[in-house]
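Below is one structure, written out as structure tokens, with a few remarks after it.
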Amino acid sequence: MIRANGVYLRYPDGTEALKDINLHIKPGEIVYITGPSGSGKTSLLKLLLGMEFATLGSLEVMGMPMVKGKTASINKLRRKIGPVFQEFKLIDGRTAFENVMMGMRFLGMPPRKMKDEAKNALIKVGLEEKMASKVENLSWGQQQRVAIARAIARKPALILADEPTGNLDQENAMNILKILHNVKDINTTVLITTHATHLLDGIEDANFLHVDNGSIRVEGKGW
Amino acid sequence: MKTFLYNVGYFHRETWRIVKSNLLSNLFSVLGTGLILFLFGMVATGTLIGNELLAKLQQEAEISAYFSETMDESVALLLVDEIKEIEGVWNARLVGEEESRSQMEDLLGEEAGILELFEENPFAAFIEIRIHLDSMDTVLNEVDNLNGIEYVRDNRAVLERLQGIIGGLKIIGTLIILAVGITTLIILSHMIRQGIYNNREQINTLRLLGAPGSFIGFPFVMVGLLLTLLGGALATILINVLINSGYSSIDGALTFIPLPSQQGLMMNISILIIAVSLVLGLLGSLFGLSSIGKNR
Ligand SMILES: Nc1ncnc2c1ncn2[C@@H]1O[C@H](COP(=O)(O)OP(=O)(O)OP(=O)(O)O)[C@@H](O)[C@H]1O
Ligand SMILES: [Mg+2]
């Protein structure tokens, strides 16, 4: 699913965000990426989504080499990915429901199915009551859950969730993690970044990567 | 294609949302394109009327060939047959002395009384030759060289002046049409660019979700078409009002000018304006869309 060999990422201003990243993630795996703020978690997800490109080394996602300039194939790849952005990237002026729909409209789903999937996803994240609310009127935690609903409703092969529990209370956070674990049943691969290591204590069916200052320091629960 | 069918409602809502999000500017651009297309409509109307006029007048191109007065009518008729064979001539006939006189009476109208002053009919019989204007020179030559023809007269000078005027109008018309096209394209692609800029965050998010360019761009093409079509509709209304009042004000006054039928003219102009707005709308939005790549 994901293969990284000696990947480096240096931003134009000279920041070395990632150094010598080597990864092999198999389909259906759930991987938690932990690490302090500024360690490079978001940067890693950006590479996987084709928002940034490795300055050195090679990276493959679902068999596709992630190199600059292949806009069309990267677009196609993105349709198989369910991203949850750290800053949500919801579309203002629209309802929670329409935001979830927006993630599916170009996937070739018939309207009936889109609506069902959107509703189910919103119910799953506990936003049944807020479907018709404009997203800018929702609380941060609610907006975060809309972002998660948008990602899972797409039935993607890969979920890239950046701090999906960052703004949630313990109960909602656990619920979201449970939802993200459940998609494993359809062989979806899930990458979740988080600061909240205390939530991960009881979790057994996942792998753990600890990133520090751009490098993978420990694989497994080593914080 | 499937995506478009599945999202008809969405695209419809999106189009109006983009228009409404910048309503005032869009209204002004409709007004602007409307007035520009109205200008285009006036030029097109002028051209259509001019073409009709020219076509009719070209049929009026004629040569009068005079033969010696001693010639027998039967011989003259043979000459007529000979003339009919010349290339570029589409009709020739003998105009007798009496007809010749009554033609002049018609022309003089109330002043025809002056003809009473002549004791004898001062008008000679002649051969009236209708030709295609383009072949005026060759026909003139050939007729002039025929045995029995004394001299020929033609109405070429008048026709050529008209042709020149209409030709000039066509050049001005072409320039105006060019200006109209370019102005509309500039206004429109600017509006589309602005729409794209105002929606850049949404566009960026859709990109990250893997939306194809066609999905992102389609509502903007619809906006472009909507704006020019509304402008085109405005222009059509204005031009039809103009044609209507024009025709009713010259009604009866200028019967000798061969105007095209009012219904046909209005129909043709309306179809033309709408077709031109469609093409310009499509082109303008595509130009505008080319800026979409810049805010990746
Ligand atoms: N576009 C950019 N240009 C320059 N430097 C950047 C850019 N994006 C991130 N960085 C830097 O790269 C490093 C890694 O940032 P990144 O966002 O990946 O951290 P993170 O682990 O996601 O942090 P957080 O937990 O706070 O979200 C940081 O030092 C950050 O300042
Ligand atoms: Mg981050």
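Values below: every heavy atom of this structure, side chains too, minus hydrogens, waters and symmetry copies. In what follows, chains are A, B, ... by sequence order, proteins preceding strands, each numbered from 1. Since the structure is predicted, the reported quantities are computational estimates derived from the model, not experimental observations.
Within a 6.0 Å sphere centred on NE2 of B:H12, heavy atoms belonging to other residues, nucleotides or ligands number 12 at most. When the shell of 6.0 Å around CZ of A:R94 is examined, it contains more than 12 heavy atoms from other residues, nucleotides or ligands. For B:F11, the CZ atom is densely surrounded, since the number of other residues' heavy atoms within 6.0 Å is greater than 12. Counting non-hydrogen atoms of other residues, nucleotides and ligands closer than 6.0 Å to NZ of A:K19 gives a total above 12. Counting heavy atoms of neighbouring residues, nucleotides and ligands inside a 6.0 Å radius, atom CD of A:E129 does not exceed 12 of them. Counting non-hydrogen atoms of other residues, nucleotides and ligands closer than 6.0 Å to CZ of B:F28 gives a total of 12 or fewer. Counting non-hydrogen atoms of other residues, nucleotides and ligands closer than 6.0 Å to CD of B:E201 gives a total of 12 or fewer.
Counting heavy atoms from C-beta outward, A:E98 and B:R13 have side chains that approach closer than 4.5 Å. When side chains are defined from C-beta on, B:P212 does not count as touching A:K76, because their heavy atoms never get closer than 4.5 Å. At least one side-chain heavy atom of A:R105 sits under 4.5 Å from a side-chain heavy atom of B:Y10.
Using a 4.5 Å cut-off between heavy atoms, A:L49 touches chain B through its side chain atoms alone. Heavy atoms closer than 4.5 Å to chain B are found in the backbone of A:M109, but not in its side chain. Neither the backbone nor the side chain of A:R112 comes within less than 4.5 Å of any heavy atom in chain B.
Atom-to-atom distance recorded for B:F215:CZ and A:N75:CG is 12.0 Å, nearest 0.5 angstrom. Summarising the geometry, atom CD belonging to B:Q202 is positioned 9.0 Å from atom CG belonging to A:N99; distances are rounded to the nearest 0.5 Å. Interatomic distance, CG of B:N7 versus CE of A:M104, reported as 10.5 Å (0.5 Å rounding). Between the CZ atom of A:R78 and the CG atom of B:L208 there is a distance of 5.0 Å, given to the nearest 0.5 Å. Rounding to the nearest 0.5 Å places CG of B:L209 at 10.0 Å from NZ of A:K89. Atom CE in A:M51 sits 12.0 Å away from atom CZ in B:R207 (nearest 0.5 Å).
Nearest heavy-atom pair across B:Y6 and A:P111 is CD2-CD, 3.4 Å.
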